[in-house]
Amino acid sequence: LAKTTQPISMDSYEGQEVNITCSHNNIATNDYITWYQQFPSQGPRFIIQGYKTKVTNEVASLFIPADRKSSTLSLPRVSLSDTAVYYCLVGDMGPGGYNKLIFGAGTRLAVHP
Amino acid sequence: DGGITQSPKYLFRKEGQNVTLSCEQNLNHDAMYWYRQDPGQGLRLIYYSQIVNDFQKGDIAEGYSVSREKKESFPLTVTSAQKNPTAFYLCASSSSTGNTEAFFGQGTRLTVV
């Protein structure tokens, strides 16, 4: 089972900022938090990854509070092309200490004109 | 170009036949993963491998088999024992154990009739 909880869906309008929050109450000390974007009939695409505080790249920002039990993906000024499913992942160690990369249901973001 | 390649993009098979999906990467990644995605659902982990000649079952391994004879290749066989094999199959790779930044192929859509 995924170790994260996200809203099932969100709606926004073009030009607005969108914040998607993910809960990961049982995050381990060594775990990073990683976000992916998936368009229909395509493989997920890595967006951003962070460990604590704030990370920013050309696509998004990731905010992580001090307790690291949640994180927020921020998409500035969304466009119609940002309509996609967004997944939040943390580490999930399987047998032998290997990371299993477990995806949850994700958040379906719909951007409207 | 470096990347991860899945083939074919579309595959049709008759019920009762085994079918093998190809996944090749030239990223020199140690870890490789197979996922299944059903319409409107998230990704479910089938098998994963962290090194050559070693692989682990994911959450839904029944009816599937894999091999990892070469670092670059991680083929998935959907056997006749898989009760509902029609789905979108995604392969991914990441550089090492514990790295949750993964790269995905474009997927294979398998239809069993």
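Residue numbers begin at 1 in each chain, while the letters A, B, ... track the order of the sequences.
Heavy atoms of A/Arg45 lying under 4.5 Å from chain B are absent altogether. Proximity to chain A involves both the backbone and the side chain of B/Leu43, based on heavy atoms less than 4.5 angstrom apart. For a residue to count as touching a neighbouring chain, one of its non-hydrogen atoms must lie under 4.5 Å from one of that chain's; by this rule B/Gln6 does not touch chain A. Contact of A/Gln49 with chain B is made through the side chain alone, with heavy-atom distances under 4.5 Å. The parts of B/Glu101 that come within reach of chain A are both its backbone and its side chain, each placing non-hydrogen atoms under 4.5 angstrom from that chain. Contact annotation for B/Phe103: neither backbone nor side-chain heavy atoms come within less than 4.5 Å of a heavy atom of chain A.
One hydrophobic cluster holds both B/Phe55 and B/Ile60 under the rule that ILVMFWY side chains link at heavy-atom gaps under 4.5 Å. A/Tyr86 and A/Leu80 end up in the same hydrophobic cluster when Ile, Leu, Val, Met, Phe, Trp and Tyr side chains are linked at under 4.5 Å. Grouping the Ile, Leu, Val, Met, Phe, Trp and Tyr side chains by contacts below 4.5 angstrom, directly or via other members, places A/Phe46 with B/Phe104. Linking ILVMFWY residues whenever their side-chain heavy atoms come closer than 4.5 Å, directly or via other members, leaves A/Phe63 and A/Leu75 in distinct clusters. No continuous path of hydrophobic side-chain contacts links B/Val52 to B/Tyr47 [ILVMFWY only; heavy atoms under 4.5 Å].
Within a 6.0 Å radius of CD in A/Glu14, other residues, nucleotides and ligands contribute more than 12 heavy atoms. Residue-environment remark: CG (A/Asp67) exceeds the threshold of 12 foreign heavy atoms within 6.0 Å. Dense packing is recorded around CZ of A/Phe39, with more than 12 heavy atoms of other residues, nucleotides or ligands lying under 6.0 Å away.
In plain terms, the two heavy atoms of B/Gln106 and A/Gln42 that are nearest each other are OE1-CG, 3.9 Å. For A/Tyr87 against B/Gln41, the heavy-atom pair with the smallest separation is OH-O, 4.0 Å.
Looking only at distances, a side-chain donor or acceptor of A/Tyr36 sits under 3.5 Å from a matching main-chain atom of B/Ala102. With B/Arg109 contributing its side chain and A/Ser41 its backbone, the two residues share no donor-acceptor pair below 3.5 Å.
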- Item | Step-by-step side-chain contact (heavy atoms from CB on, under 4.5 Å) determination, B/Thr100 to A/Val90 | CA-CA 7 Å; B/Thr100 53; A/Val90 298; over 6 Å; no

